[in-house]
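Data first, discussion second: the structure below is written as structure tokens.
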Amino acid sequence: DTGVSQDPRHKITKRGQNVTFRCDPISEHNRLYWYRQTLGQGPEFLTYFQNEAQLEKSRLLSDRFSAERPKGSFSTLEIQRTEQGDSAMYLCASSSGRGTEAFFGQGTRLTVV
Amino acid sequence: GNSVTQMEGPVTLSEEAFLTINCTYTATGYPSLFWYVQYPGEGLQLLLKATKADDKGSNKGFEATYRKETTSFHLEKGSVQVSDSAVYFCALSGYTGFQKLVFGTGTRLLVSP
């Protein structure tokens, strides 16, 4: 068990470009969460998967954001036409079931220039 | 909606001093309450939790008691160490059937020798 893994750790992109992040949860964890953390703030919930089904999306997740979890394993978060306001740390977490601890990855820091 | 308010930092203490970080919450129903810690360069880690009123969570010398009457979950430690320097986040999970966390803004703790 190597924990929740996120790739890349850092991403610098130009405004208007598309970016994709990957999250590999702890094996056999069926629940996967994405959060966004801006400087000086706590993480904010973006979306939640149970297995391959995306069960909830926050209003923070605009139409430019899309998340997938094919086959209920790894997940990707794509941001299209990035804006400077998208600059943040994107965190992934996973858990094995309702009421169980959510383990976080180290995050992907996105900088849009 | 659900929300968490915690004291602003940084909190600066000398080693072996007593620590209190205040956290209050607003929530419907019966939330679970958490403290997460983020050490420099690392991901969020669960420090302790409490799932019902009057429960006390404890770990690594840290304690917090779920006070429903004051809607509070203050973090305390009797004697801090330099290694406790980190950012501490108070969080809650509403009774939604899955562990979607609502975080406070975080409090940075700096402990000097």
Side-chain angles (χ1 to χ4, degrees), chain A residues 1-7 9-10 21 23-26 29-51 53-61 67 69 88-109, chain B residues 1-10 21-27 29-52 55 57 59 73 75 86-109:
Chain A
D1 180 359
T2 56
V4 177
S5 177
Q6 293 188 245
D7 182 71
R9 294 288 309 279
H10 303 275
F21 311 140
C23 171
D24 286 274
I26 294 172
H29 276 191
N30 64 343
R31 296 170 184 236
L32 187 146
Y33 312 85
W34 284 98
Y35 289 81
R36 181 172 69 187
Q37 184 178 16
T38 53
L39 199 61
Q41 301 297 314
E44 296 173 293
F45 171 80
L46 291 179
T47 190
Y48 154 68
F49 289 86
Q50 185 166 324
N51 298 312
Q54 187 174 20
L55 297 187
E56 183 166 339
K57 293 194 297 184
S58 163
R59 288 172 296 176
L60 293 174
L61 217 62
R69 192 183 182 197
M89 178 76 83
Y90 291 83
L91 300 170
C92 178
S94 70
S95 70
S96 61
R98 175 180 173 176
T100 60
E101 179 181 349
F103 292 84
F104 282 81
Q106 292 182 289
T108 294
R109 181 171 296 283
Chain B
N2 296 343
S3 66
V4 173
T5 302
Q6 59 181 109
M7 63 188 290
E8 291 191 18
I21 300 178
N22 291 336
C23 171
T24 57
Y25 68 90
T26 301
Y30 303 93
S32 295
L33 301 173
F34 307 86
W35 277 100
Y36 275 82
V37 59
Q38 188 170 35
Y39 297 104
E42 300 186 14
L44 285 165
Q45 301 174 25
L46 179 65
L47 181 60
L48 53 84
K49 69 178 182 181
T51 58
K52 61 183 187 294
D55 267 2
N59 186 25
F73 193 55
L75 182 68
V87 181
Y88 292 82
F89 292 92
C90 185
L92 69 80
S93 173
Y95 192 68
T96 60
F98 60 89
Q99 198 161 346
K100 182 177 86 172
L101 297 168
V102 175
F103 286 88
T105 54
T107 302
R108 181 175 298 278
L109 171 64

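The sequence lines fix the lettering, A, B, ..., with proteins before strands; numbering per chain opens at 1.
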Considering only heavy atoms, which portion of A/Gln6 lies under 4.5 Å from any heavy atom of chain B: side chain, backbone, both, or neither? neither
Is a donor on one side and an acceptor on the other found under 3.5 Å between the side chain of A/Tyr33 and the backbone of B/Leu101? no
Check whether B/Gln45 gets within reach of chain A through its side chain, its backbone, both or neither, counting any heavy atom under 4.5 Å. neither
So if I apply the side chain to side chain contact (heavy atoms under 4.5 Å, CB included) rule between B/Leu44 and each of A/Phe104, A/Phe103, A/Tyr35, which one comes out positive? A/Phe104
Between chain A and each of B/Gly9, B/Gly43, B/Ser32, count heavy-atom pairs under 4.5 Å; write down the option with the most. B/Gly43
Side chain proximity check, B/Phe89 to A/Pro43, heavy atoms < 4.5 angstrom: yes
Please say whether more than 12 non-hydrogen atoms of neighbouring residues, nucleotides or ligands are located less than 6.0 Å from CD in B/Glu8. no
Over all heavy atoms of both residues, which pair between B/Gln38 and A/Gln37 is shortest? Give the atoms and the distance, please. OE1-NE2, 4.0 Å
